[in-house]
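Note that the structure is a prediction, hence the values are computed from the model and not measured. Chain identifiers are assigned alphabetically (A, B, ...) following the order of the sequence lines, protein sequences preceding nucleic acid strands; residue numbering begins at 1 within each chain.
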2 protein chains.
Amino acid sequence: MSAKNSRHRGAATIDLVLCSARRGRLHVLVTRAAGGAAVLPYTWAVDGADLARAARELARDVLGASAAWLVSGAATAEKRHPTGAALSVPYVGVVGPAIEAPVGSAWHSVDALPALAPRQRAMAADALDALRLHMDSAPVAFRLLPAAFTLSDLQQVYELLLGRRLHKASFRRALQAAYLVTPTDSWRREGRGRPAQLFQYAPRKRRGGGARSVRFDLLGK
Amino acid sequence: MSAKNSRHRGAATIDLVLCSARRGRLHVLVTRAAGGAAVLPYTWAVDGADLARAARELARDVLGASAAWLVSGAATAEKRHPTGAALSVPYVGVVGPAIEAPVGSAWHSVDALPALAPRQRAMAADALDALRLHMDSAPVAFRLLPAAFTLSDLQQVYELLLGRRLHKASFRRALQAAYLVTPTDSWRREGRGRPAQLFQYAPRKRRGGGARSVRFDLLGK
DNA sequence: GCCAATAAGTAACATGCCGCGACTAATGTC
DNA sequence: GACATTAGTCGCGGCATGTTACTTATTGGC
């Protein structure tokens, strides 16, 4: 254990699983430590400092841009952290696809991650489930996109998060009914095919808001 | 700061928000500390020990029964913990209604909690949201009930969690379609009215399992 | 120019789920 | 035996979703 680690004996790390949708796959930002080992970005928790704020600052430091959305995961003391820290608090964040990885780090597909310390490997493996858990009540999918996006882009992100193909007409009908997006007067030319209109995330009030019903459909797996 | 607290300087607590459905309200188990102050049960995190396991053991210790379901909340360093601990990891657990509070503790309605330390007050306030977050993908409602329950009991728990009245016929139709319960040959007499059949939670395989679709309905609030 | 290929966007029908009211069934009370 | 009370079911109408087919707009090849 290094001198740095012993200074922090008994303390906790804040670990960041930064996610981005790239080429139809979910990617995670992995940095290279001094020795060349692959690690997720982390920082030490400071007594009295807000953990979520620290995670946001870490995202800005490592990425040069703020995370568009962030959620805390389950703190864990299991398995080995790169630092040997006893306790780690994971934060899962998302950014748009235009954010490039700074030098010393790279986006890796969540299907083919490099060798991480076991605790960080578990955090990365749980990231998609964390996004799925919150995507119905938080604009996770929209935060994985730039401010202006096409409806096909949005559908692809939902397909990525759900792990399932969706039907275009149904998707757009449901989206329309939810009053979540407004069209802009910009159109994107993709090369071939008809240009696509760009939309913005702009949720509006809706009657019957929050009156959700029972959902048994996910219970029996 | 006491000697005990300074021994644990920089360490983390595991805090337990034990929930139970009583008389149509969600209740939380609150214990009385030596000085008479109201506190949620907590323990100190031990290096190398699994946090979830520690939370389960804490539940058994304080309640004399295992928590029927348990989930981790977001670790927090904000506000004041009764011990002055820098970091706390909340766990939200549920038990059935037959579990009585041991001496030195009591069930309090989440609407009328006694004065807790600010950090624990926040944990208790977040408990219902945590249950709501997981009730669609985990059998939270069923774990708030005894092993054998009536469908009216189950509906009341769902109404409690959703904060909304449900229609009997719709509720039962959806439940039937989900293959989640099986009838027993026991019936419960409530005093007046027709006796109710008792059911058990016994989820069975279902075709098209896990093929969930988009849900925009909770997004715009 | 004209046509095929490609992708965006729309229309219309079918199916299924859900809210709702009305009904039946079984028990205790007066 | 009438009534209140609670459990449980039936069926209709409306709304949401799945699906297929169609229209529109662009690029590229001949």
side-chain contact (heavy atoms from CB on, under 4.5 Å) involving B/Arg194 - partner list, sequence neighbours excluded: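 Here no residue qualifies.
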Under the side-chain contact (heavy atoms from CB on, under 4.5 Å) test, residues paired with A/Gln176 that sit two or more places apart: none
Rounded to whole angstroms, how far apart are [atom1] on [X] and [atom2] on [N]?
X	N	atom1	atom2	result
B/Arg212	D/dT17	CZ	P	12 Å
B/Leu154	D/dG8	CG	P	12 Å
B/Leu151	D/dA7	CG	P	10 Å
B/Arg188	D/dA7	CZ	P	10 Å
B/Arg172	D/dT6	CZ	P	14 Å

ring-ring contact (aromatic ring centres under 6.0 Å, His included) contacts touching residues 93-135 of chain B (sequence neighbours left out): B/Trp69-B/His134
Sugar-phosphate, base or nothing in reach of B/Ser152, heavy atoms under 4.0 Å: sugar-phosphate
Sugar-phosphate, base or nothing in reach of A/Glu190, heavy atoms under 4.0 Å: nothing
First and last nucleotide of DNA chain C, 5' to 3', lying under 4.0 Å from heavy atoms of chain A: C/dT6 to C/dG19
B/Leu175 side, atom CG; B/Arg173 side, atom CZ - distance, nearest 0.5 Å: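 With rounding to 0.5 Å, CG (B/Leu175) is 12.0 Å from CZ (B/Arg173).
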Selection: residues 134-144 of chain B, any non-hydrogen atom under 4.0 Å of DNA chain D: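 When residues 134-144 of chain B is checked for heavy atoms under 4.0 Å from DNA chain D, there are no hits whatsoever.
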Residue whose nearest DNA chain D nucleotide is more 5′ - B/Leu198 or A/Ala174: B/Leu198
Minimum side-chain heavy-atom gap [X]-[Y] below 4.5 Å:
X	Y	result
A/Leu18	A/Val28	no
A/Asp15	A/Val39	no
B/Ser105	B/Val62	no
A/Met123	A/Ser88	yes

Per-nucleotide protein contact string for nucleotides 18-28 of chain D (B base, S sugar-phosphate only, - none; heavy atom under 4.0 Å): BBB---BBBS-
Over 12 foreign heavy atoms within 6.0 Å of CZ, A/Arg204: yes
Neighbour count >12 (heavy atoms, 6.0 Å) for atom CZ, A/Arg188: yes
A/Gly93 versus A/Leu70, closest heavy-atom pair with distance: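 Residues A/Gly93 and A/Leu70, closest heavy atoms: CA-CD1, 3.5 Å.
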